[in-house]
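Below, each value reflects all heavy atoms present in this structure, side chains not excepted, and no hydrogens, waters or symmetry copies. In what follows, every chain begins at residue 1, and chains take the letters A, B, ... in the order their sequences are listed.
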Amino acid sequence: MHIPDGFLDAKTWITTSVIGAAAVAYSLQKTKLAVDSKQVPKVALIGSFIFAAQMLNFPIAGATSGHFLGGTLASILFGPWIGSIVMTAVLIIQAFVFQDGGITVLGANILCTAFIGSFTGYGIYKAGMKLLTGRGRSVITFAAAWFSIVAASAGVALLLAWSGTFEPGTALKAMVGWHMLIGLGEGLITTLVAGYLIERNIPLAKEVTLP
Amino acid sequence: MKETRLTARKGKWLALLVVTLLAAGLLSPWASSHPDGLERVAEDYGFLNQAESVHELAPMPDYEVAGIPWTALRVGLAGIIGAIVMLAVLWAVMRVITGRRRGRDDGTDHGRGTGASSESAQ
């Protein structure tokens, strides 16, 4: 479930709608520069996979479930700009076609899931890869995905608190607490799929022999 | 040189497509129906009832196709339709974006991908 209409008060959803729209517009510009026409089918397929995987709620403790989000996966495969656009597209389809996530709060969902999720995951992945010079890629991927979920849930908690739904401390503790568990699922799926699709960049023999 | 790249093996991408359709069509009806993280918190802190909907025209609310007596089919079909819609919408959006760019710097190198995505020249 994404934030439904009614959870955020007017000042919060109007502010997040404006910032969310600006973020998507900017990201579209960046995506235009980053995307290669040969990547189009792959980007579309990853979006479709993320949509499907988000449907699969898995049980966690205390009669609660969690589901995949996918921002980290999309952005370590294609970079955070394309990643955030893929996530935005998923959220828009979910809200309008499946009534999953509200309309007034679409901006809030986009900011938390598409932007905080994608950029946190990507930042940790890139930093980790640099720090460990490419070793332990699956551990880094898992950590990046886990943190992205925790960060996104903290974003939602702060927006709920800003709306006056509950105290910031209580909100953070409750949301982050559950999502520390849900993040394990995110880490597992992201690591499996990214590990399957990413390979070491070993130059092809025929490229090496070219003058 | 970049250390990683996206696989160029078509078989792997095809396998991902199959996994996507299986997940959306066959696994989705068996997903946990327990409240998820946010719903659990909303329930525990008593604001779940604040949820409302300003958009009542969704064709498949709650990931179900109306008018089918079998739950698994209702959900599975919604999943398949959703996965295909998602593929089509993103494909179209990305096509428009890359098409525009191609028009602008016509005749020049179209640029290699970014991040882990640079492809091997085959």
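Residue A:A114 comes nearest to A:T88 through the heavy atom pair CB-OG1, 3.7 Å, listed as atom of the first residue, atom of the second, then distance. Minimum interatomic distance between B:M94 and A:V35 (heavy atoms only, all atoms of both residues): SD-CG2, 4.1 Å. Listed here is the closest heavy atom pair of A:G101 and A:N109: CA-ND2, 4.1 Å.
Under a 3.5 Å cut-off, the side chain of B:H55 and the backbone N or O of A:F96 do form a donor-acceptor pair. Between the side chain of A:S118 and the main chain of A:S75, no donor-acceptor pair closer than 3.5 Å is present. Side-chain atoms of B:T98 come within 3.5 Å of backbone atoms of B:R95 as a donor-acceptor pair (strictly under, hydrogens ignored). Here the side chain of A:W146 pairs no donor or acceptor atom with the backbone of A:E186 at under 3.5 angstrom. Side-chain atoms of A:W81 never come within 3.5 Å of backbone atoms of A:K32 as a donor-acceptor pair (strictly under, hydrogens ignored). Remark: the backbone N or O of B:R5 is not paired with any side-chain donor or acceptor of A:N201 at under 3.5 angstrom.
In this structure, the portions of B:F47 lying under 4.5 Å from any heavy atom of chain A include both its backbone and its side chain. Residue contact with chain A, scored on non-hydrogen atoms closer than 4.5 Å, involves the backbone and the side chain of B:V75 alike. With a 4.5 angstrom heavy-atom cutoff, B:L22 does not touch chain A via any of its atoms. Interface remark: B:V54 contributes backbone and side-chain atoms alike to the contact with chain A (heavy atom separation under 4.5 Å). Looking at B:E64, there are no atoms closer than 4.5 Å to chain A (heavy atoms on both sides), in backbone or side chain. Residue A:A194: no heavy atom, backbone or side chain, is found under 4.5 Å from chain B. Interface remark: A:V105 contributes no atoms to any contact with chain B (heavy atom separation under 4.5 Å). Contacts of A:T133 with chain B are made by backbone atoms alone, with heavy-atom separations under 4.5 Å and no side-chain atom involved. Neither the backbone nor the side chain of B:A88 comes within contact range of chain A, judged by heavy atoms closer than 4.5 Å.
With rounding to the nearest 0.5 angstrom, the CG atom of B:D62 is 6.5 Å from the CD atom of A:Q99. Distance check, rounded to the nearest 0.5 Å: OG1 of A:T141 to OH of A:Y125 gives 5.0 Å. Distance check: A:T64 OG1 to A:L181 CG gives 9.0 Å after rounding to the nearest 0.5 Å.
Considering only heavy atoms from C-beta on, A:I198 comes within 4.5 Å of A:L77 through its side chain.
Inspection of non-hydrogen atoms places A:V156, A:L160, A:T165, A:F166, A:T170, A:A174 of residues 155-174 of chain A under 4.5 Å from chain B. When the heavy atoms of residues 45-57 of chain A are compared with those of chain B, the residues falling under 4.5 Å are A:L45, A:I46, A:G47, A:S48, A:F49, A:F51, A:A52, A:M55, A:L56, A:N57, listed by number.
By number of non-hydrogen pairs under 4.5 angstrom with chain B, the leading residue of A:R200, A:H179, A:M129, A:E199 is A:E199. Of the residues considered (B:A23, B:A24, B:P59, B:S28), B:P59 shows the highest number of contacts with chain A, using heavy-atom pairs under 4.5 Å. Of the listed residues B:A83, B:A92, B:P29, the one with more heavy-atom pairs under 4.5 angstrom with chain A than any other is B:A83. Listed options A:P41, A:S65, A:A44 were ranked by heavy-atom pairs under 4.5 angstrom with chain B; first place goes to A:S65.
Other residues, nucleotides and ligands place more than 12 heavy atoms under 6.0 Å from the CZ atom of A:F98. The number of heavy-atom neighbours closer than 6.0 Å to OH of A:Y196, taken from other residues, nucleotides and ligands shown, is above 12.
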